[in-house]
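Just the heavy atoms: all of them, side chains too, but no hydrogens, waters or symmetry mates, feed the values below. None of the values given here were measured: they were computed from a predicted structure. Proteins get letters first, then strands, A, B, ... in listed order; numbering begins at 1 in each.
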Protein chains: 2
Amino acid sequence: MKSSRQPSLLDQHCDYLKHIFRLQQAQSPVSTSALAESLKVAPSTVTDTLKKLSQKGLINYTPYHGITLTPKGEKLAVKAIRRHRIVERFLTDMLGFEWHEAHEEALRFETQLSDEVERRLFVALNRPKVCPHGYPIPSKVEDVRVEETTLYSLEPGERAEVISVKDDEPELLQFMASLGIKPGVKIKVVAKDPFKGPLQAVVGRNRRTVGWHLANSIHVRKLD
Amino acid sequence: MKSSRQPSLLDQHCDYLKHIFRLQQAQSPVSTSALAESLKVAPSTVTDTLKKLSQKGLINYTPYHGITLTPKGEKLAVKAIRRHRIVERFLTDMLGFEWHEAHEEALRFETQLSDEVERRLFVALNRPKVCPHGYPIPSKVEDVRVEETTLYSLEPGERAEVISVKDDEPELLQFMASLGIKPGVKIKVVAKDPFKGPLQAVVGRNRRTVGWHLANSIHVRKLD
DNA sequence: ATTATAATTTCGGCATTCCGAATTTTCAAG
DNA sequence: CTTGAAAATTCGGAATGCCGAAATTATAAT
């Protein structure tokens with residue numbers, strides 16, 4: 001396939017940058033296998049693409065030693081993240097999709113949009129600050145900060161406000177919605193079992209018991 | 001490249017069907033060279049793809065003798081046309097694009113949209129009947145009829161309403177807009193030179209002189 | 001009917017994106 | 001140190017989309 005339209009940056013490359021950026025927050029440098037798993041392609045494929053990205057000056061790539069985004073790559077990654085979150089907002093706010101559908105729908109076509117469409121979408125949406133899952137819609141690298149604290153890190157008795165929830169597991173999102181958990185909601189932890197056991201909390205008016213995985217997918221800010 | 005997402009139909013194939021459908025209205029069967037020019041690819045490329053489309057039962061293809069859409073191919077073509085026009089409406093109505101930009105912007109990402117997004121877009125737009133250029137948004141094959149009469153076919157003294165304008169030349173569209181020509185506008189022909197010469201007409205309050213090509217890009221319905 | 005020319009197809013080739021198997025490198029355990 | 005397992009890379013190969021040049025077929029003019 002000829003690339004045509006986009007002179008400088010292929011869709012695929014944006015995808016790689018987005019994933020590298022995300023993985024980099026957990027661990028830097030990012031390993032080939034981590035990227036491969038995240039992108040759901042074979043490691044050998046990742047190695048191939050890494051060379052191209054490196055040649056374009058988007059990543060620092062030392063064979064066998066992982067990768068880091070260059071400033072240029074970081075900027076493009078942020079641009080891709082911004083676009084993704086704007087499109088998610090479009091899908092929920094203007095088309096009425098549920099938040100658990102928005103993420104995957106957005107992935108389908110976001111890379112094809114022109115900058116102009118993105119700009120106009122942003123304006124038409126009234127310049128939103130966050131995506132449907134509560135993550136900021138960034139203008140620059142510093143904007144992409146996520147709340148470090150997760151619900152599971154709280155101790156019994158503590159109260160917190162939900163800031164954002166992980167968006168990459170649709171079913172989990174749907175389940176969270178059914179529990180009334182979404183950005184802005186306030187939660188009080190009642191009890192927490194040891195060994196990554198279930199956590200009991202009051203969400204709005206209801207008492208809920210949630211597992212470790214779910215509670216760790218919720219970013220919160222402590223209250224009081 | 002692996003196709004992934006779309007199980008049954010590749011983007012490229014939709015594109016072919018759309019072009020074949022359009023060309024078929026002017027002349028059937030459609031020739032390889034006409035398709036190649038329309039798609040801006042080499043004739044040999046078209047031949048390659050034609051075989052695949054034929055195998056999928058979307059076209060009737062007899063080597064050296066042109067192509068026709070099968071009922072199945074026709075349905076898909078109409079689906080693609082419908083989607084294109086809905087997206088154009090989205091771009092003009094919800095994002096404020098000019099009509100001469102809408103066509104090309106739509107081409108960038110329309111093929112990536114899911115059926116569900118298309119459906120919701122249509123509803124959010126209030127179920128429009130026509131695209132920004134005045135062509136119908138079809139549900140089935142019969143809906144895709146265009147007004148046969150063009151402005152140039154009128155004789156001096158005749159009046160007509162603009163129904164639709166050809167959408168594939170952005171500059172021409174922009175120029176038409178500057179002349180006040182758009183669907184719904186009423187035009188009275190004042191004079192017409194022989195040999196495809198210029199045509200004089202009254203558009204709204206203004207007297208305009210337009211060339212053959214432009215006048216033939218305007219579909220009208222006679223008044224009185 | 002024959003023949004020239006125009007349209008179409010065939011063929012080989014290039015680029016891209018992906019993969020699995022084989023190889024190389026790293027790194028930590030002995 | 002050595003060495004063995006895990007991680008990463010290289011290599012060969014498959015599929016796709018595209019092209020230009022060469023061969024084939026159709027068709028319109030003689």
Side-chain angles (χ1 to χ4, degrees), chain A residues 1-20 23-24 26-56 58-69 80 107-108 111-112, chain B residues 1-20 23-24 26-56 58-69 80 107-108 111-112:
Chain A
M1 168 119 64
K2 252 204 319 198
S3 64
S4 61
R5 304 203 227 293
Q6 288 281 35
S8 58
L9 203 59
L10 278 45
D11 298 347
Q12 186 212 14
H13 292 178
C14 284
D15 238 54
Y16 270 68
L17 295 178
K18 245 188 336 189
H19 279 85
I20 295 169
L23 294 172
Q24 207 177 235
Q27 184 194 42
S28 182
V30 175
S31 70
T32 301
S33 50
L35 234 192
E37 198 194 354
S38 181
L39 289 160
K40 296 180 203 306
V41 294
S44 52
T45 306
V46 173
T47 304
D48 287 347
T49 311
L50 254 28
K51 286 184 205 155
K52 289 172 202 154
L53 290 175
S54 177
Q55 248 189 339
K56 291 203 173 191
L58 302 173
I59 60 170
N60 303 115
Y61 173 46
T62 322
Y64 295 103
H65 290 281
I67 53 207
T68 309
L69 290 176
L107 291 179
R108 292 181 65 111
T111 56
Q112 303 298 319
Chain B
M1 165 120 64
K2 252 201 324 195
S3 63
S4 63
R5 306 203 225 293
Q6 287 283 35
S8 58
L9 203 57
L10 277 46
D11 298 347
Q12 188 211 13
H13 292 178
C14 283
D15 238 53
Y16 270 68
L17 295 178
K18 245 186 341 187
H19 280 86
I20 295 168
L23 294 172
Q24 208 176 235
Q27 184 195 41
S28 182
V30 174
S31 70
T32 302
S33 49
L35 232 193
E37 197 194 355
S38 181
L39 290 161
K40 296 180 203 306
V41 295
S44 51
T45 306
V46 173
T47 304
D48 286 347
T49 312
L50 253 30
K51 286 184 206 155
K52 289 172 201 155
L53 289 175
S54 177
Q55 247 189 340
K56 292 204 173 190
L58 302 173
I59 61 170
N60 303 115
Y61 173 47
T62 323
Y64 295 103
H65 289 281
I67 56 208
T68 309
L69 289 176
L107 290 179
R108 292 181 64 110
T111 56
Q112 302 301 318

Any [X] side-chain N or O less than 4.0 Å from OP1/OP2 of [N]:
| X | N | value |
| --- | --- | --- |
| Thr47(A) | dT9(D) | yes |
| Lys51(B) | dT10(C) | yes |
| Thr45(B) | dC19(D) | yes |
| Gln12(A) | dT17(C) | yes |

Between side-chain atoms of residues 26-37 of chain A and protein atoms elsewhere (two or more places apart, or another chain), which donor-acceptor pairs fall under 3.5 Å?
from     : atom 1 : to       : atom 2 : distance (Å)
Ser31(A) : OG     : Ser33(A) : OG     : 3.4
Ser31(A) : OG     : Ala34(A) : N      : 3.1

Between the protein and nucleotides 3-6 of chain D, which nitrogen or oxygen pairs are less than 3.5 angstrom apart?
none

Which residues share a side-chain contact (heavy atoms from CB on, under 4.5 Å) with Ser38(B), sequence neighbours left out =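 So Ser38(B) forms a side-chain contact (heavy atoms from CB on, under 4.5 Å) with His19(B), Arg22(B), Leu23(B).
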Leu69(A) to Asn60(A) - nearest heavy-atom pair and separation =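 Shortest heavy-atom separation between Leu69(A) and Asn60(A) comes out as O-OD1, 3.8 Å.
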Find the distance [X]:[atom1] to [N]:[atom2] and express it as a whole number of Å.
| X | N | atom1 | atom2 | value |
| --- | --- | --- | --- | --- |
| Lys52(A) | dT10(D) | NZ | P | 13 Å |
| Leu50(A) | dA7(D) | CG | C1' | 14 Å |
| Leu53(A) | dT16(C) | CG | C1' | 14 Å |
| Ile67(B) | dT9(C) | CD1 | C1' | 13 Å |
| Asp48(A) | dC11(D) | CG | P | 11 Å |

ask   = Under a 4.0 Å heavy-atom cut-off, which of residues 30-44 of chain A touch DNA chain C?
value =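 Those residues whose heavy atoms fall under 4.0 Å from DNA chain C, taken from residues 30-44 of chain A in numerical order, are Val41(A), Ala42(A), Ser44(A).
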request  = Check step by step if side-chain contact (heavy atoms from CB on, under 4.5 Å) holds for Gln112(B) and Asp11(A).
outcome  = CA-CA 13 Å; Gln112(B) 302 301 318; Asp11(A) 298 347; over 6 Å; no
Compile the donor-acceptor pairs under 3.5 Å between side chains in residues 46-54 of chain B and protein atoms, sequence neighbours left out, one pair per line.
from     : atom 1 : to       : atom 2 : distance (Å)
Thr47(B) : OG1    : Pro43(B) : O      : 3.2
Thr49(B) : OG1    : Gln12(B) : NE2    : 3.4
Thr49(B) : OG1    : Tyr16(B) : OH     : 3.2
Thr49(B) : OG1    : Thr45(B) : O      : 3.1

If I take atom [atom1] from residue [X] and atom [atom2] from residue [Y], how far apart are they, to the nearest 0.5 angstrom?
| X | Y | atom1 | atom2 | value |
| --- | --- | --- | --- | --- |
| Leu107(A) | Lys18(A) | CG | NZ | 5.0 Å |
| Thr68(A) | Leu58(A) | OG1 | CG | 13.0 Å |
| Ile20(B) | Tyr61(B) | CD1 | OH | 11.0 Å |

task = Ignoring the backbone of Tyr61(B), work out which of dC19(D), dC18(C), dT9(C) is nearest its side chain.
result =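 Nearest listed nucleotide: dT9(C).
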Tabulate protein N/O versus nucleotide N/O from nucleotides 23-26 of chain C, keeping only pairs under 3.5 Å, one per line.
none

